Colleague: 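Here it is, the structure, as structure tokens.
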Amino acid sequence: MAEHILLTGGAGYIGSHTYVALIEAGYEVTILDNFQNANRSVVERLEALTGKPVNVAEADVRDATTLGGLFSEHQFDAVVHFAALKAVSESVDRPLDYFDVNISGLINLLRVMDAAGCRKIVFSSSATVYGVPDETPTPETAEFRAMNPYGQTKISGEQILGQLAAADDRWNIGILRYFNPAGAHSSHMIGEDPRDIPNNLMPYIAKVAAGELDELQVFGDDYDTPDGTGVRDYIHVEDLARGHVLSLAALLGDSKNHLVNLGTGIGNSVMEVVAAYKRASNRDIPSRIVERRAGDVPIYVAKADKAEEVLGFRTEKSLDEMCASSWAWIVGPHSQEEPEQ
Ligand code: NAD
Ligand code: WQD
């Protein structure tokens with residue numbers, strides 16, 4: 001019988017792509033999501049895409065009773081935990097909400113898992129745990145530096161999981177530090193669907209290319225980078241989803257805990273992303289240099305070889321493919337569906 005995976009936050013951007021990858025890999029999957037940052041129509045699109053009904057529990061990861069009920073109803077073999085709040089500037093305005101969902105939510109989930117005897121978890125971490133790193137490409141051994149409450153929640157999450165694994169070796173834990181996820185599914189049926197004006201570069205550029213926003217503000221061109229604009233390691237969301245399948249397979253097999261960066265090891269500047277998106281969309285993307293954004297890091301690039309050694313993970317898709325899939329998603333019929341509360 002197929003192993004049964006609980007995907008918290010499975011209706012979100014990375015979660016929905018990982019859902020498809022897990023179904024394709026033969027797993028049975030249940031999504032838990034409260035839809036606070038996802039559109040309910042994603043469920044029908046996942047059904048159309050996989051040709052299978054989607055099991056969904058609409059619940060908050062902080063709700064111990066509902067979570068406990070779900071674990072009594074199903075025998076989960078492992079959990080992939082995406083559910084979290086992720087907007088950096090919002091975390092500065094509402095830190096307690098971020099601590100509550102991202103840290104209390106994680107602890108609540110771990111308690112329910114422990115009681116049910118399910119002790120395998122893949123955790124969504126982020127390059128943000130490195131703050132402004134001393135070394136680029138940045139290895140997993142770089143120290144933690146919290147830049148904002150959101151970053152603190154990822155550091156705390158990792159520390160809680162690390163201490164848990166050290167205290168009780170029945171736990172198998174995969175910590176994946178994503179660099180900058182971008183792009184959309186090759187079916188063009190799921191993609192990044194920000195509710196408001198996007199905070200992140202690629203969805204913002206997409207809306208400028210589509211004519212929904214007037215221009216891109218480039219946050220600074222005086223960084224110590226080749227063209228002065230910020231450099232990031234963009235990773236295709238389908239590569240990222242595959243990284244989760246490999247992490248899970250390792251935990252379900254005989255491999256123990258792992259902590260890896262998921263990135264390409266290649267950096268691209270803001271202006272390089274704009275140029276790539278212009279090529280993909282064949283649209284003009286007006287841009288203007290403005291002040292640096294507070295709290296921005298000049299360069300984030302992953303040292304990517306540990307994921308290859310430990311999980312056999314290598315990215316396959318280029319920046320051009322991220323831009324092309326993002327554009328196909330944006331101009332397709334599904335990205336503009338009315339968000340639901
Ligand atoms: P997303 O907002 O699209 O997905 C998160 C999902 O979790 C959403 O569907 C949302 O409705 C759900 N959710 C939020 N709070 C919940 C709660 N209390 N209970 C149940 N469900 C809840 O975000 P994403 O980009 O897919 O990110 C997924 C994970 O990856 C997050 O943990 C995020 O911090 C992490 N991450 C994201 C990025 C990025 O740039 N997108 C980078 C590094 C790490
Ligand atoms: C990329 C580059 C900006 C928007 C954030 C979070 C991080 C992680 C991923 C979850 C930077 C520049 C952007 C714009 C711009 N999330 N930019 N104009 O800052 O690397 O990371 O998302 O874990 O925690 O901090 O991503 O896409 O916002 O920015 O010039 O309108 O694009 O300055 O150089 P970032 P981003």
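Atoms within each ligand, like the ligands themselves, are counted from 1 in listed order. The figures that follow rest on heavy atoms only: side chains count, while hydrogens, waters and symmetry mates do not. Being a predicted model, the structure only gives us computed values, none of them experimental.
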Colleague: Under the salt bridge (Lys or Arg N to Asp or Glu O under 4.0 Å) rule, collect the residues that match up with Glu215, sequence neighbours excluded.
Modeller: Arg288
Colleague: Quick one: do Asp222 and Arg292 satisfy salt bridge (charged side-chain N to carboxylate O under 4.0 Å, His left out)? Show the steps, please.
Modeller: CA-CA 8 Å; Asp222 56 353; Arg292 290 181 178 193; 2.9 Å; yes
Colleague: Run the numbers on Asn148 and Tyr98 for side-chain hydrogen bond (donor to acceptor under 3.5 Å, both in side chains), then give the verdict.
Modeller: CA-CA 11 Å; Asn148 48 59; Tyr98 275 68; over 6 Å; no
Colleague: Regarding Glu316 and Arg314, does a basic nitrogen lie under 4.0 Å from an acidic carboxylate oxygen?
Modeller: no
Colleague: List below, pair by pair, the N or O atoms of ligand 1 and of the protein that are less than 3.5 Å apart, including the distance to 0.1 Å; reply 'none' if no pair qualifies.
Modeller:
| unit_1 | atom_1 | unit_2 | atom_2 | d |
| --- | --- | --- | --- | --- |
| ligand 1 | 2 (O) | Asn37 | ND2 | 2.6 |
| ligand 1 | 3 (O) | Tyr13 | N | 2.8 |
| ligand 1 | 9 (O) | Gly12 | N | 3.2 |
| ligand 1 | 9 (O) | Asp33 | OD1 | 3.2 |
| ligand 1 | 9 (O) | Asp33 | OD2 | 2.6 |
| ligand 1 | 11 (O) | Asp33 | OD1 | 2.7 |
| ligand 1 | 11 (O) | Gln36 | N | 3.1 |
| ligand 1 | 11 (O) | Asn37 | N | 2.9 |
| ligand 1 | 13 (N) | Asn34 | OD1 | 3.4 |
| ligand 1 | 18 (N) | Asp60 | OD1 | 3.0 |
| ligand 1 | 18 (N) | Asp60 | OD2 | 3.4 |
| ligand 1 | 19 (N) | Val61 | N | 2.9 |
| ligand 1 | 21 (N) | Asn34 | N | 3.3 |
| ligand 1 | 21 (N) | Asn34 | OD1 | 3.3 |
| ligand 1 | 25 (O) | Lys86 | NZ | 2.8 |
| ligand 1 | 26 (O) | Tyr13 | N | 3.3 |
| ligand 1 | 26 (O) | Ile14 | N | 2.8 |
| ligand 1 | 32 (O) | Phe82 | O | 2.8 |
| ligand 1 | 32 (O) | Lys154 | NZ | 2.9 |
| ligand 1 | 34 (O) | Tyr150 | OH | 2.6 |
| ligand 1 | 34 (O) | Lys154 | NZ | 3.1 |

Colleague: Any sub-3.5 Å donor-acceptor pair from Asn180's side-chain atoms to Arg232's backbone N or O?
Modeller: no
Colleague: When you pair each N or O of ligand 2 with protein N or O atoms, which pairs come out under 3.5 Å?
Modeller:
| unit_1 | atom_1 | unit_2 | atom_2 | d |
| --- | --- | --- | --- | --- |
| ligand 2 | 18 (N) | Gln217 | O | 2.7 |
| ligand 2 | 19 (O) | Arg293 | NH2 | 2.9 |
| ligand 2 | 20 (O) | Asn180 | ND2 | 3.0 |
| ligand 2 | 20 (O) | Arg232 | NE | 2.4 |
| ligand 2 | 22 (O) | Asn200 | ND2 | 2.9 |
| ligand 2 | 23 (O) | Ser126 | OG | 2.8 |
| ligand 2 | 23 (O) | Tyr150 | OH | 2.5 |
| ligand 2 | 26 (O) | Asn180 | ND2 | 3.1 |
| ligand 2 | 27 (O) | Asn200 | ND2 | 3.3 |
| ligand 2 | 27 (O) | Leu201 | N | 2.7 |
| ligand 2 | 28 (O) | Asn199 | O | 3.4 |
| ligand 2 | 28 (O) | Asn200 | ND2 | 3.2 |
| ligand 2 | 28 (O) | Arg293 | NH1 | 3.4 |
| ligand 2 | 28 (O) | Arg293 | NH2 | 2.8 |
| ligand 2 | 29 (O) | Arg293 | NH2 | 3.4 |
| ligand 2 | 30 (O) | Gln217 | O | 3.4 |
| ligand 2 | 30 (O) | Phe219 | N | 2.9 |
| ligand 2 | 33 (O) | Asp296 | OD2 | 2.5 |

Colleague: Test Asp114 against Arg111 for salt bridge (charged side-chain N to carboxylate O under 4.0 Å, His left out), laying out the working first.
Modeller: CA-CA 5 Å; Asp114 195 41; Arg111 272 197 182 283; over 6 Å; no
Colleague: List the atom pairs, with distances to 0.1 Å, where a side-chain N or O of residues 69-86 and a protein N or O form a donor-acceptor pair under 3.5 Å, not counting sequence neighbours.
Modeller:
| unit_1 | atom_1 | unit_2 | atom_2 | d |
| --- | --- | --- | --- | --- |
| Ser72 | OG | Gly68 | O | 2.8 |
| Asp77 | OD2 | His4 | N | 2.7 |
| His81 | ND1 | Thr8 | OG1 | 2.7 |

Colleague: Cation-pi check for Tyr234 against Lys317: NZ or CZ below 6.0 Å from the six-membered ring centre and within 45 degrees of the axis, yes or no?
Modeller: no
Colleague: Which atom pair, heavy atoms only, marks the closest approach of Ala206 to Tyr277?
Modeller: CB-OH, 3.2 Å
